[in-house]
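Below: the structure, in structure tokens.
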Amino acid sequence: MTDIQELLLSRIRDVADYPEPGVMFKDITPLLADPAAFTALTDALAEIVVRTGATKVVGLEARGFILGAPVAVRAGVGFIPVRKAGKLPGATLSQTYDLEYGSAEIEVHAEDLSAQDRVLVVDDVLATGGTAEASLQLIRRAGAQVAGLAVLMELGFLAGRARLEPALDGAPLEALLVV
């Protein structure tokens with residue numbers, strides 16, 4: 001384990017039985033409250049932006065906004081929020097996806113992405129991969145290219161990586177931590 005991985009992991013708190021019994025929630029708020037850890041995380045993700053040649057960062061609602069915006073600033077690229085349906089004003093593109101208990105929908109302002117853009121999706125956790133998969137579909141529907149997906153933490157036991165492989169179509173999936 002690298003020094004950065006040790007630092008990040010030391011600032012993530014396990015919360016048992018949240019949001020429901022049997023779930024071990026990974027709380028990143030202590031990491032965000034620590035300026036050294038948050039800076040290390042931002043730098044590590046910004047390095048992925050540069051390495052993948054991304055021209056824009058997409059952050060997934062809501063913690064992806066917290067991580068993605070400073071990463072975009074650090075890397076010198078634009079930031080695009082992907083929001084839950086009904087939260088963006090004006091014309092949007094939407095993508096519906098299945099959840100374990102139903103379906104959900106995300107949206108983006110289509111004019112914020114173009115065929116010249118290479119987009120890196122940034123989020124806090126990769127779990128089952130449903131939201132990330134929908135975001136990749138949305139980016140391509142907007143005419144942009146997918147540069148990859150970068151997350152702070154991958155919950156390996158939920159097999160989100162396997163679900164995303166076809167949607168990534170060869171683009172990298174980088175997780176700073178795998179638990």
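As a basis for the values below, the full set of heavy atoms in this structure was taken, side chains included, without hydrogen atoms, waters or symmetry mates.
Residues Ala37 and Arg11 come closest through the heavy atom pair CB-CG, 3.8 Å. Residue Pro30 comes nearest to Arg13 through the heavy atom pair CG-CB, 4.0 Å, listed as atom of the first residue, atom of the second, then distance. Heavy atoms only, all atoms of each residue included: Tyr18 and Phe25 are closest at O-CB, 3.3 Å. In terms of heavy atoms, Ala72 sits closest to Gly78 at CB-O, 3.8 Å. Across every non-hydrogen atom of Pro81 and Leu88, the tightest pair is O-CD1, 4.4 Å. Taking all atoms of both residues into account, the shortest heavy-atom contact from Glu105 to Ser94 is OE2-OG, 2.9 Å.
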After noting the C-alpha distance and the side-chain angles of Leu155 and Val125, does the key distance pass the side-chain contact (heavy atoms from CB on, under 4.5 Å) rule? CA-CA 7 Å; Leu155 305 180; Val125 174; 3.7 Å; yes
Report the C-alpha separation of Tyr97 and Ser103 in whole Å, then their side-chain angles, then the decisive distance to 0.1 Å, and conclude whether the side-chain hydrogen bond (donor to acceptor under 3.5 Å, both in side chains) test is met. CA-CA 6 Å; Tyr97 61 101; Ser103 66; over 6 Å; no
Check the pair Lys87, Glu107 against side-chain contact (heavy atoms from CB on, under 4.5 Å), reporting the backbone distance first and the verdict last. CA-CA 8 Å; Lys87 300 289 187 181; Glu107 295 180 331; 5.9 Å; no
Side chains of residues 164-179: which donor-acceptor partners sit under 3.5 Å, not counting sequence neighbours?
{"unit_1": "Glu174", "atom_1": "OE1", "unit_2": "Arg51", "atom_2": "NH1", "d": "3.3"}
{"unit_1": "Glu174", "atom_1": "OE1", "unit_2": "Arg51", "atom_2": "NH2", "d": "3.2"}
{"unit_1": "Glu174", "atom_1": "OE2", "unit_2": "Arg51", "atom_2": "NH1", "d": "2.5"}

Would you tabulate the side-chain donor-acceptor contacts of residues 57-67 under 3.5 Å, counting partners in other chains and residues two or more places apart, or write 'none'?
{"unit_1": "Glu61", "atom_1": "OE1", "unit_2": "Arg83", "atom_2": "NE", "d": "2.9"}
{"unit_1": "Glu61", "atom_1": "OE1", "unit_2": "Lys84", "atom_2": "N", "d": "2.8"}
{"unit_1": "Glu61", "atom_1": "OE2", "unit_2": "Arg83", "atom_2": "NH2", "d": "3.4"}
{"unit_1": "Arg63", "atom_1": "NE", "unit_2": "Asp124", "atom_2": "OD2", "d": "2.3"}
{"unit_1": "Arg63", "atom_1": "NH2", "unit_2": "Asp124", "atom_2": "OD2", "d": "3.3"}

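In terms of hydrophobic clustering, with Ile, Leu, Val, Met, Phe, Trp and Tyr side chains grouped at heavy-atom distances under 4.5 Å, Leu7 and Leu41 are assigned to different clusters. Val122 and Ile139 fall into different hydrophobic clusters, where Ile, Leu, Val, Met, Phe, Trp and Tyr are joined by side-chain heavy atoms under 4.5 Å apart, directly or via other members. Hydrophobic clustering (side-chain heavy atoms under 4.5 Å, transitive across Ile, Leu, Val, Met, Phe, Trp, Tyr) keeps Ile48 apart from Val146. Criterion: ILVMFWY side-chain heavy atoms under 4.5 Å apart, direct or through other members. Under it, Val49 and Leu136 are not part of a common hydrophobic cluster. Both Leu45 and Phe38 are assigned to one and the same hydrophobic cluster, defined by single-linkage of ILVMFWY side chains at heavy-atom distances under 4.5 Å.
Asp3 CG: 12 or fewer foreign heavy atoms inside a 6.0 Å radius.
A search for side chain to side chain contact (heavy atoms under 4.5 Å, CB included) contacts involving Glu6 returns Met1, not counting sequence neighbours. With sequence neighbours excluded, no residue forms a side chain to side chain donor-acceptor pair (under 3.5 Å) with Thr42.
Annotation: side chain of Asp17 is not in contact with side chain of Val23 (no heavy-atom distance under 4.5 Å). Residues Leu120 and Leu149 form no side-chain contact, since every pair of their non-hydrogen atoms from C-beta on lies 4.5 Å or further apart.
Taken to the nearest 0.5 Å, the CG atom of Leu32 stands 4.5 Å off from the CD1 atom of Ile28. For the atom pair Arg163 CZ and Thr128 OG1, the distance stands at 5.5 Å (nearest 0.5 Å). Rounding to the nearest 0.5 Å gives a distance of 11.5 Å between CG of Asp34 and OG1 of Thr29. To the nearest 0.5 angstrom, Leu138 atom CG is 11.5 Å from Thr131 atom OG1.
Taking Ile, Leu, Val, Met, Phe, Trp and Tyr as hydrophobic and joining them when side-chain heavy atoms fall under 4.5 Å apart, one finds Val50 isolated, its cluster having no other members.
Side-chain atoms of Lys56 do not come within 3.5 Å of backbone N or O of Ala144 as any donor-acceptor pair. Remark: side-chain polar atoms of Glu133 are not paired, donor with acceptor, to backbone N or O of Gly130 under 3.5 angstrom.
When Val82, Ile106, Val108 are each tested for a side chain to side chain contact (heavy atoms under 4.5 Å, CB included) with Leu93, only one passes: Val108.
Checked by atom type, the side-chain pair Asp117/Thr55 shows a donor-acceptor distance below 3.5 Å.
The ring pair (Phe, Tyr, Trp, His ring centres under 6.0 Å) analysis of residues 148-167, with sequence neighbours excluded, yields no pairs.
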